[in-house]
Amino acid sequence: MAAPKRFFVEKIAEEVRLEGEEFRHARNVLRLGVGDEVTLLDGSGKEYAAIVARAERNALLLHVAGEKPADREPRADVYLLIGALKGDKTELVVQKATELGANRIGVFFSRYSSAYPSENKLERLRRVAREAAKQCLRARVPEVEYFGDLASALNSAENYKNKLFACEFLERSEQTSDTGGSYCLVVGSEGGFSEEEFALARSCGFAGVSLGKRILRAETAAIALLSVVMARAGELG
Ligand code: SAM
């Protein structure tokens, strides 16, 4: 039997009104009606069982039956900083980072970036993260935010214990002691990083990481580095 459909709502209460885009998806695509069971998520990491109690013209009224165990959120707190990529590749990275368990995703614009920020793109990235979280049955949607330059992106990771900077011109990874807990991973855009940007990252406490002798596409590097860190943190089986 298929798992109940999942919806993110602002706030959980005994009665919840499902409106807007989530309502249209529930009615028009999923054809949900009175008596159907759904799972509600408020982004806290908890899940709630609910039943469709009433169908209105522009909303479904849901009766919340109670909290359900949610055990798919990672124990490791992982933050991915990715250089803005061309086309829909940033969306691909946001989708895969969500599935792999990142809690936070920052998109930055650095010296060799050839993609440019827009509010529409950021809204689209947040929608991709929400849909990916629903698909992989997570109870939390990673935050997605923009940084106008590399320095502000690096500074946003100040409190992360393990800071790794994927650097394509490094012969081998710098030695670091994995203290567990929280990780910030930085991957460049198609244009990569300058020596000065690498030096700036090191001054912010980041250790250089090599992903081998081949130059990976940015989206490959982001997925590979996230997978390695998640596996080491015991999050992949
Ligand atoms: N402009 C660079 C070049 O042509 O040499 C390529 C940049 S690469 C497409 C994009 C990003 O992926 C890099 O900035 C780095 O963060 C990461 N990356 C790719 N290959 C890597 C490797 N072998 N080791 C470490 N990081 C790598």
Side-chain angles (χ1 to χ4, degrees), residues 76-118 121-122 125 128-129 132 142-158 160-179 182-233 235-236:
D77 180 12
V78 178
Y79 176 21
L80 173 69
L81 281 169
I82 178 78
L85 301 177
K86 288 185 268 187
D88 58 2
K89 289 188 288 186
T90 313
E91 291 178 26
L92 174 77
V93 171
V94 167
Q95 185 185 63
K96 300 315 169 197
T98 301
E99 291 172 57
L100 284 166
N103 276 337
R104 189 178 171 195
I105 302 166
V107 180
F108 61 83
F109 300 87
S110 53
R111 180 168 169 187
Y112 300 135
S113 289
S114 47
Y116 298 96
S118 86
K121 278 187 196 167
L122 183 56
L125 293 177
V128 166
E143 281 174 64
V144 183
E145 56 194 311
Y146 269 168
F147 292 97
D149 55 51
L150 181 60
S152 52
L154 296 173
N155 289 334
S156 71
E158 188 183 359
Y160 284 78
K161 286 190 191 148
N162 301 279
K163 299 177 183 175
L164 305 175
F165 186 90
C167 184
E168 65 273 21
F169 43 80
L170 264 189
E171 284 287 305
R172 65 181 58 74
S173 298
E174 295 174 330
Q175 289 311 311
T176 55
S177 54
D178 184 338
T179 57
S182 59
Y183 301 79
C184 179
L185 317 177
V186 181
V187 175
S189 60
E190 290 93 346
F193 292 116
S194 66
E195 293 273 357
E196 294 77 15
E197 288 173 326
F198 181 40
L200 174 67
R202 308 240 349 251
S203 71
C204 293
F206 282 83
V209 170
S210 167
L211 292 169
K213 293 185 176 59
R214 289 167 296 287
I215 297 293
L216 309 178
R217 287 177 183 272
E219 59 273 25
T220 311
I223 294 167
L225 183 54
L226 257 172
S227 301
V228 167
V229 168
M230 283 302 186
R232 277 196 196 151
E235 296 292 346
L236 298 186

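All of these numbers come straight from a predicted model, not from anything done at the bench. Order of listing sets the numbers, starting from 1, for every ligand and every atom in it.
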Problem - side chain to side chain contact (heavy atoms under 4.5 Å, CB included) between Lys86 and Ser114, worked out - result: CA-CA 7 Å; Lys86 288 185 268 187; Ser114 47; 3.5 Å; yes
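Listed as neighbours of ligand 1 are Ala166, Cys167, Glu168, Val187, Gly188, Ser189, Glu190, Gly191, Gly192, Phe193, Val209, Ser210, Leu211, Gly212, Arg214, Ile215, Leu216, Ala218, Ala221, each bearing a heavy atom under 4.0 Å from the ligand.
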Throw together a table of side-chain donor-acceptor distances under 3.5 angstrom for residues 143-152, partners on residues two or more places apart or in other chains.
unit_1 : atom_1 : unit_2 : atom_2 : d
Glu145 : OE2    : Arg104 : NE     : 2.8
Glu145 : OE2    : Arg104 : NH2    : 3.3
Tyr146 : OH     : Ser118 : O      : 3.4
Asp149 : OD1    : Ala151 : N      : 3.2
Asp149 : OD1    : Ser152 : N      : 2.7
Asp149 : OD1    : Ser152 : OG     : 2.8
Ser152 : OG     : Asp149 : O      : 3.0

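The line from CG of Leu200 to CG of Asn155 is 7.5 Å long, rounded to the nearest 0.5 Å.
In this structure, Arg217 does not pair ionically with Glu190, as no charged nitrogen and carboxylate oxygen lie closer than 4.0 Å.
Looking at residues two or more places apart in sequence or on another chain, you find a ring pair (Phe, Tyr, Trp, His ring centres under 6.0 Å) between Phe169 and Phe198. Glu195 is linked by a salt bridge (Lys or Arg N to Asp or Glu O under 4.0 Å) to nothing, counting only residues two or more places apart in sequence or in another chain.
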